[in-house]
Amino acid sequence: MKTVVIGMSGGVDSSVAAILLKEQGYNVIGLFMRNWDTSVNGDYLGNPDLNESICPQEQDYNDAIKVCEKLDIPLKRVDFVKEYWDYVFTYFLDELKRGRTPNPDIMCNKYIKFDMFIKHAVKLGADYIATGHYARMKDGYLLRGVDDNKDQSYFLSQLSKEQLSNVLFPVGDLEKPVVRKIALENDLITARKKDSTGICFIGERNFKHFLENYLPNTKGDIINIETNKLVGSHVGLMYYTIGQRKGLNLGGNLQRLFVVGKDTTKNILYVALGDDNEYLYTDSCVVEQMNWNSDLKPLKCTAKFRYRQKDNNVEIEIIDDTHILVKYPQLVSSVTPGQACVLYDGEICLGGGIISKVLKNNKELWYL
RNA sequence: UGCCUCGUAGCCAAGCGGUAAGGCACCACACUUUGACUGUGGCAUGCGCUAGUUCGAAUCUAGCCGAGGCAG
C-alpha cells in the first residue's frame, strides 16, 4: 500500500482530497503546515485577529483535526515559520521595495509547499504528496484544473518537473460544486466553509495596514502621465499596482483613473484616464526566472499575466535558460513587473516566470 | 467703491417654478489561495445664508456672506 502525505489546510478542498485518496486505497497521512506567526513576525498593525480568543489559523487547524478524525487518518503538524519568512516573505518585501508587484503564493508553492513540505513528507514515509489544488498531473505534464473557474495551475508554474514528479491533485478532476457536494455527503465540518482568499497563510487583510508593519510608507506625488500635471498625492508606492483604480481618492473626472506606472527614484505614481488608455497597453515583456514544467517549449502558445486573466495568444523567443521574450502584438493591458507570466498550450501548463521588463514597440517603458 | 458673473453631496456637473439627473471618488457585498480588474447595491428631507412672493422655489425678489472678473 502506497503512502500519501496530504497537506491539510482546514478547508474544503484538502478535506475532500483526503477522502478521495482514502477511497482510492492509499495509506493517507494528513500534515498541517504553520507558516506565519503573528507575534514572531511582528504582525500587529491592522491585524483583525489580535483580540480574538482563537485566531483563524488555529481554527483551521482544529477543523483539520476534526476532518481527519472523521476520516480516521492521522494528522501531523509542522512549522515552517522561519522558512516562510526567509524564502517567501523577504522576497515579497524586496520586490515591493523595487516597486514591483510580487505574487508571494507562487513562491510559497515553490519553496514551502512543494519543497520543505515534500522533504518533511518523505521523512514521514511518503511515496506521494497531495494537495487540494485545482490542477492535474497527466503523463508527467501539469494540466489546468477541470473547473476553469477555480483552476490554480497559475500558482504552480514555478514548480520543476522533479517537484511535480510524485504529486497528486485529487480535486483537480472535479468541479468545485461537486467538491462541496462530496463534503456535504460526508458530513465534513468544512463543507460549507467559505473559500479562503488573501495571501497564503496570512489571510484576508487590509493590505496597507499589514504592510505598515514591515515597510515605511513615503508619501509622494500622483501625476497624470498624459498632461504631466500633479493631480494628487499617494501614500507609498508599494500600495499600488499597475491597472489599479481603487484607493487613489481622486474624483472629479468623467472617466476612471488607473495606475499606469511608478518612478521609484522620484517616488512618483503615474495615472491615466480610462480603462482603454494607451499607457496601460503593451505588446511584449521579458520574463525572468523562467521555469519550464516539462520539456515542452512551443514558440506559439497562450499566456496569463495575472491570476484568472483570460488566456492571451503569445509568441515566445528564448533568450537564455532563464529568460524569455513574450510577444503579444494584439496588446494586453496592465502587464505588471513582478507578476507571473504563465504559459499554456491548451490544457497543459508549460511553465512560468516573473515579468521583469515590459515593452512597447521594442522599447522598455520608462514609466514602469 | 461701482458694475457683471457665479455659489447644487468629497470632486466635477444637470436642473432654471412643481416637489434634487449623471459621472468620478468613497463604502458594502459578490467574485478571488497575489494589492488587482470586473460586477451589483448604497451614497444631498436638501441645492451659500436669511427673509419674502407663491398652493408650491434649487429655480423669482431683496439683503447678507463667499469666489472670480471688469471698471479703477
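Predicted model only: the values in this text are computed from it and were never measured. Residue numbering restarts at 1 for every chain, and letters A, B, ... go by the order of the sequence lines.
A distance of about 24 Å separates the P atoms of B/A51 and B/G18, rounded to the whole Å. Distance noted for atom C1' between B/A13 and B/A58: 14 Å (whole Å). B/G46 sits 31 Å from B/G39 when the C1' atoms are compared, rounded to a whole Å. The same atom, P, is picked in B/A25 and in B/U40; the two are 14 Å apart, to the nearest Å. Across the P atoms, B/G7 and B/G48 are found 8 Å apart, a figure rounded to whole Å. Nucleotides B/G10 and B/C43 are separated by 16 Å at their P atoms, to the nearest Å. Between B/C55 and B/C60, the two C1' atoms lie 16 Å apart (nearest whole Å). Using atom P as the reference point in both B/A9 and B/C49, the two lie 10 Å apart (nearest Å).
The distance between atom CD of A/Glu95 and atom P of B/U34, rounded to the nearest whole Å, is 17 Å. For A/Ile242 and B/U34, the CD1 to C1' distance is 15 Å, given to the nearest whole Å. In this structure, the CG atom of A/Leu248 is 13 Å from the C1' atom of B/C37, given to the nearest Å. The distance between atom CG of A/Asp151 and atom C1' of B/C31, rounded to the nearest whole Å, is 16 Å.
Both tests pass for A/Arg144 against the ring of A/Tyr344: distance under 6.0 Å to the centre and angle within 45° of the axis. A cation-pi arrangement is absent between A/Arg34 and A/Phe80, since the terminal nitrogen or guanidinium carbon is not both under 6.0 Å from the aromatic centre and inside a 45° cone about the axis. With a 6.0 Å cutoff to the six-membered ring centre and a 45° limit on the axis angle, A/Lys2 does not count as a cation-pi contact of A/Tyr26.
Within the 4.0 angstrom heavy-atom criterion, base atoms lie near A/Gln339. Counting non-hydrogen atoms under 4.0 angstrom, A/Asn109 reaches a base of the nucleic acid. Heavy atoms of A/Phe92 sit nowhere under 4.0 angstrom from any nucleic acid atom. Residue contacts for A/Gly338: at a heavy-atom cut-off of 4.0 Å it reaches no nucleic acid atom on any strand shown. Residue contacts for A/Lys150: at a heavy-atom cut-off of 4.0 Å it reaches the sugar-phosphate backbone alone, with no base atom in range. Base contact: A/Leu96 has a heavy atom under 4.0 Å from a base atom. Across all strands, A/Asp275 comes closer than 4.0 Å to no nucleic acid atom at all (heavy-atom distances).
Shown here, B/G7 forms a base pair with B/C65; the pair counts as Watson-Crick or G-U wobble because both key distances fall under 3.5 Å. The nucleotide B/C29 finds its pairing partner in B/G39, both defining distances of the Watson-Crick or G-U wobble pair being shorter than 3.5 Å.
In summary, the side chains of A/Thr197 and A/Asp195 do not present any donor paired with an acceptor at a separation below 3.5 Å, with no hydrogens or angles considered.
For the OP1/OP2 pair of B/U32 and a distance below 4.0 Å, the side-chain nitrogens and oxygens of A/Arg306 include no atom meeting the criterion.
A heavy-atom distance below 4.5 Å is found between the side chains of A/Trp85 and A/Thr90.
Under the side-chain contact (heavy atoms from CB on, under 4.5 Å) criterion, A/Tyr281 pairs with A/Leu331, A/Ser333, A/Lys360, sequence neighbours left out.
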